[in-house]
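Treat the numbers as computed from the prediction; the structure is a model and nothing was measured. This chain uses plain numbering: 1 for the first residue, then up along the sequence.
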Amino acid sequence: QVQLVESGGGSVQAGGSLRLSCAASGVTYSSRWMGWFRQAPGKEREGVAAIHSSGLSTAYADSVLGRFTISQDNGKKTVYLQMNSLKPEDTATYYCAGRETWADGSWYEPSSYKYWGQGTQVTVSS
């Protein structure tokens, strides 16, 4: 059974940084995309960043490009999201998600992901 567990959320002032971690267990497929999504109250869940298990491909939402960096440690089965220059509009619950490479849909579409973590709250104050 696949399990994704996020950690690293918290409260920070605008301009600050946080590093989220997503520890995966029970993942049996080697070719996969791992993504970070976020959802603010009253808004739809949106894709933030994704990384392929090969490490050769990453993708970012325009709103976080240049500020957030996704990375992975396959040995530890952990995906990270380094968030710098945080803004109040980054406030949301952040979710880790996983899917097989061949799953239908784009990296930023929540419906294309099969596995989800429970989420971790990020709050950025002005």
Side-chain angles (χ1 to χ4, degrees):
Q1 182 177 355
V2 175
Q3 188 174 17
L4 303 178
V5 179
E6 303 99 333
S7 61
S11 297
V12 65
Q13 288 190 328
S17 299
L18 284 173
R19 188 196 195 200
L20 305 183
S21 298
C22 172
S25 61
V27 177
T28 57
Y29 51 90
S30 60
S31 183
R32 61 190 179 274
W33 280 92
M34 295 297 295
W36 284 99
F37 289 76
R38 66 186 181 187
Q39 188 167 18
K43 295 188 176 181
E44 293 186 353
R45 191 168 298 189
E46 62 173 353
V48 175
I51 186 167
H52 190 261
S53 52
S54 66
L56 297 177
S57 296
T58 57
Y60 295 92
D62 288 344
S63 59
V64 306
L65 193 62
R67 299 188 299 123
F68 292 10
T69 303
I70 190 170
S71 62
Q72 64 186 355
D73 183 330
N74 284 336
K76 295 182 179 180
K77 296 183 180 180
T78 301
V79 177
Y80 305 97
L81 185 67
Q82 178 66 43
M83 305 186 295
N84 299 329
S85 302
L86 282 162
K87 304 175 181 180
E89 50 263 45
D90 294 319
T91 296
T93 301
Y94 283 71
Y95 298 90
C96 176
R99 50 170 273 185
E100 295 90 340
T101 295
W102 53 86
D104 290 335
S106 299
W107 73 266
Y108 51 83
E109 295 177 318
S111 59
S112 71
Y113 286 76
K114 186 176 183 179
Y115 305 106
W116 290 86
Q118 81 289 350
T120 185
Q121 178 67 35
V122 172
T123 302
V124 184
S125 58
S126 57

For this session: Using ring pair (Phe, Tyr, Trp, His ring centres under 6.0 Å) as the criterion, list what pairs up with Trp107, not counting sequence neighbours.
Result: none
Exercise. Taking C-beta and beyond as the side chain, do Met83 and Val48 meet within less than 4.5 Å on heavy atoms?
Worked result: no
Exercise. Taking only residues at least two apart or on different chains, which pairs with a member in residues 62-82 satisfy salt bridge (charged side-chain N to carboxylate O under 4.0 Å, His left out)?
Worked result: Arg67-Asp90
For this session: Scan residues 115-126 for pairs that pass salt bridge (charged side-chain N to carboxylate O under 4.0 Å, His left out), counting only residues two or more places apart or in two chains.
Result: none
With sequence neighbours excluded, give me every disulfide (SG to SG under 2.5 Å) pair touching [range].
range: residues 59-93; result: none
range: residues 45-79; result: none
range: residues 30-84; result: none
range: residues 66-102; result: Cys22-Cys96

Of all heavy-atom pairs between [X] and [Y], which one has the smallest distance, and what is that distance?
X: Leu81; Y: Ala49; value: CD1-CB, 4.1 Å
X: Gln39; Y: Lys43; value: NE2-O, 3.1 Å
X: Ala92; Y: Ala40; value: CB-N, 3.9 Å
X: Thr101; Y: Ser31; value: OG1-OG, 2.6 Å
X: Gly105; Y: Ser112; value: CA-CB, 4.0 Å

For this session: May I ask whether Val2 and Met34 are part of the same hydrophobic cluster, defined by side-chain heavy atoms of I, L, V, M, F, W, Y residues being less than 4.5 angstrom apart, directly or through others?
Result: yes
Exercise. Are Val79 and Leu56 linked, directly or through other ILVMFWY residues, by side chains that come within less than 4.5 angstrom of each other?
Worked result: no
For this session: Could you please spell out the steps behind the side-chain contact (heavy atoms from CB on, under 4.5 Å) verdict for Trp116 and Arg45?
Result: CA-CA 12 Å; Trp116 290 86; Arg45 191 168 298 189; 3.3 Å; yes
Scan the side chains in residues 12-19 for donor-acceptor partners under 3.5 Å anywhere in the protein, sequence neighbours excluded, and list what turns up.
unit_1	atom_1	unit_2	atom_2	d
Ser17	OG	Asn84	OD1	2.9

For this session: With sequence neighbours excluded, tell me which residues meet side chain to side chain donor-acceptor pair (under 3.5 Å) with Glu46.
Result: Arg38
Problem set entry | Under the side-chain contact (heavy atoms from CB on, under 4.5 Å) test, residues paired with Ala23 that sit two or more places apart | Thr78
Exercise. If you look only at pairs with a residue in residues 117-126, which of them pass as a side chain to side chain donor-acceptor pair (under 3.5 Å), with sequence neighbours excluded?
Worked result: Glu6-Gln118, Thr93-Gln121, Gln121-Thr123
Exercise. Where the side chain of Gln72 meets the backbone of Ser53, is there a donor-acceptor pair that is under 3.5 Å apart?
Worked result: yes
Seminar exercise, completed: So ring pair (Phe, Tyr, Trp, His ring centres under 6.0 Å) across residues 43-98, not counting sequence neighbours, yields Trp33-His52
Exercise. How many angstroms lie between atom CD of Glu100 and atom OH of Tyr113, to the nearest 0.5 angstrom?
Worked result: 11.5 Å
